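Below, chain A is the first sequence line, B the second, and so on; all start at residue 1. On a predicted model such as this, the values are computed, not experimentally measured, just so you know.
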Protein chains: 2
Amino acid sequence: MTGTERGPRERMVFSAAQLIRRDGVGATGMRDVAAHAGAPRGSLQHYFPGGKEQLVNEAVAWAGRYAGKRIARFMAGMSEPTPSGLFAAMVRQWTDEYETAGFLSGCPVAAATVDCVSSAPSTREAAAAAFATWRKPLAEALTGMGVPAERAGSLATLMISSLEGAIIMARAEGDVRPLTTVARELGPLLDAARES
Amino acid sequence: MTGTERGPRERMVFSAAQLIRRDGVGATGMRDVAAHAGAPRGSLQHYFPGGKEQLVNEAVAWAGRYAGKRIARFMAGMSEPTPSGLFAAMVRQWTDEYETAGFLSGCPVAAATVDCVSSAPSTREAAAAAFATWRKPLAEALTGMGVPAERAGSLATLMISSLEGAIIMARAEGDVRPLTTVARELGPLLDAARES
DNA sequence: ACCGCGTTATGACAGCCGTCATAGTAGCGG
DNA sequence: CCGCTACTATGACGGCTGTCATAACGCGGT
């Protein structure tokens with residue numbers, strides 16, 4: 001979650017994602033986003049003429065790109081990459097945050113999905129696209145580690161689903177145990193999918 | 001989701017759960033709940049002096065009890081119960097709803113978690129309790145099918161996490177595929193956990 | 001008849017929301 | 001200096017929110 005100093009527009013998108021993943025879409029106000037980004041309120045309607053919906057959609061898209069890029073970073077950080085190791089790294093990112101910063105925030109894509117799917121079609125599409133840009137590099141990483149192509153997509157879906165659900169349970173319980181449990185139980189299954 | 005005709009209080013809790021799982025907590029108003037339940041608006045402050053927070057918490061608790069009871073029903077509906085069959089039944093409940101009624105609604109416990117964890121401590125506790133009353137009978141069902149006790153709890157967490165995550169992905173994509181994928185990929189792992 | 005109590009009815013309140021309208025500033029090419 | 005464009009500033013608007021105050025209703029008990 002590097003907050004590199006870009007233009008005010010990008011900062012607002014980033015701040016929106018931060019606030020959405022903590023408070024949900026409904027409880028995140030436009031004024032809050034501008035304040036959190038240190039940006040003038042008047043810039044909101046200038047950069048996002050589509051209103052809150054556009055801002056939320058861009059925040060969701062940003063989160064999807066971020067998650068996708070992390071996959072490559074996790075792969076690069078492992079000397080001998082394995083599917084279970086990759087999933088453990090994905091999970092560890094969340095346990096690290098929760099142990100250092102508390103269980104304040106979840107996944108912005110999940111938050112937007114829960115809050116907007118049945119009211120804002122464009123946000124639903126943005127969420128679907130975000131999951132796609134997350135799953136694609138994940139599935140490619142799996143195939144690169146020897147997982148058959150027709151299986152990689154399914155396992156990527158399983159990994160993301162389990163992670164998202166474990167994030168929710170961990171926040172509810174105020175404990176990282178669901179996250180570590182999911183990583184431990186799923187590890188062998190993922191590694192066994194490789195054809196060696 | 002049987003709407004048995006009980007008293008107005010129970011109807012309001014039920015309606016709250018329905019609206020929350022569709023629109024999220026923030027977008028669900030008290031007036032909406034009363035209208036949806038066909039209950040007088042004045043009854044809200046009478047039955048729920050704790051305000052919206054109490055209503056949300058009771059809706060979450062109701063959902064937890066409902067999910068827990070469903071486990072026994074799924075078990076009773078299978079001639080030869082297996083862990084994979086139980087999970088498939090849990091998933092099928094959602095695919096059936098989505099294919100007949102559309103992807104309008106998700107899990108109310110997940111919605112409350114996403115929307116309230118970082119703002120309402122009591123709702124966080126209610127969500128944790130709901131997950132507990134869901135996981136407990138699930139773990140017991142697993143042990144009853146031959147899964148070692150120390151493993152059953154972990155697998156129950158894995159099953160709920162995967163299901164919750166798959167629900168979110170399915171709603172985002174407008175497709176039941178994440179749900180069916182998770183059931184298919186997780187089935188063998190669950191059955192293999194039995195000591196026969 | 002009257003009381004008491006659980007329930008309902010209704011209107012008002014302050015507060016926040018997203019959005020819009022309008023005006024203002026800065027910078028730059030001409 | 002002008003004019004243009006990009007961006008900022010500010011206040012107002014209607015609408016909705018959760019909550020409260022107040023009063024009325026229905027009805028069994030005595």
Legend entry - B/Pro81 versus B/Met75, closest heavy-atom pair with distance: CB-CE, 3.9 Å
Legend entry - Closest contact, heavy atoms only, B/Ala152 versus B/Leu142: O-CD1, 3.6 Å
Legend entry - Test item: side-chain donor near acceptor, A/Gln93 and A/Glu97, under 3.5 Å: no
Inset, instruction - Working to the nearest 0.5 Å, report the span between OH of B/Tyr47 and CG of B/Leu55. - result: 13.5 Å
Inset, instruction - Please determine if a side-chain N or O atom of B/Ser43 lies less than 4.0 Å away from the OP1 or OP2 oxygen of C/dT8. - result: yes
Inset, instruction - Check whether B/Leu104 and B/Val176 end up in the same hydrophobic cluster, where Ile, Leu, Val, Met, Phe, Trp and Tyr are linked by side-chain heavy atoms less than 4.5 Å apart. - result: no
Inset, instruction - Treating Ile, Leu, Val, Met, Phe, Trp and Tyr as nodes and any side-chain heavy-atom pair under 4.5 angstrom as an edge, say whether B/Leu179 and A/Val117 lie in one connected cluster. - result: no
Quick one: [X] [atom1] to [N] [atom2], roughly how many Å, whole number?
{"X": "B/Leu19", "N": "D/dG18", "atom1": "CG", "atom2": "P", "result": "11 Å"}
{"X": "B/Asp115", "N": "D/dG18", "atom1": "CG", "atom2": "P", "result": "13 Å"}
{"X": "A/Met12", "N": "D/dT8", "atom1": "CE", "atom2": "C1'", "result": "11 Å"}

Inset, instruction - Return yes if the base of D/dT10 and the side-chain atoms of A/Arg31 contain a donor-acceptor N/O pair under 3.5 Å, otherwise no. - result: no
Legend entry - Within residues 44-55 of chain A: residues closer than 4.0 Å to DNA chain C (heavy atoms): A/Gln45, A/Gly51, A/Lys52
Legend entry - Candidates C/dT8, D/dG18, D/dG11 - which lies nearest the side chain of A/Arg41: D/dG11
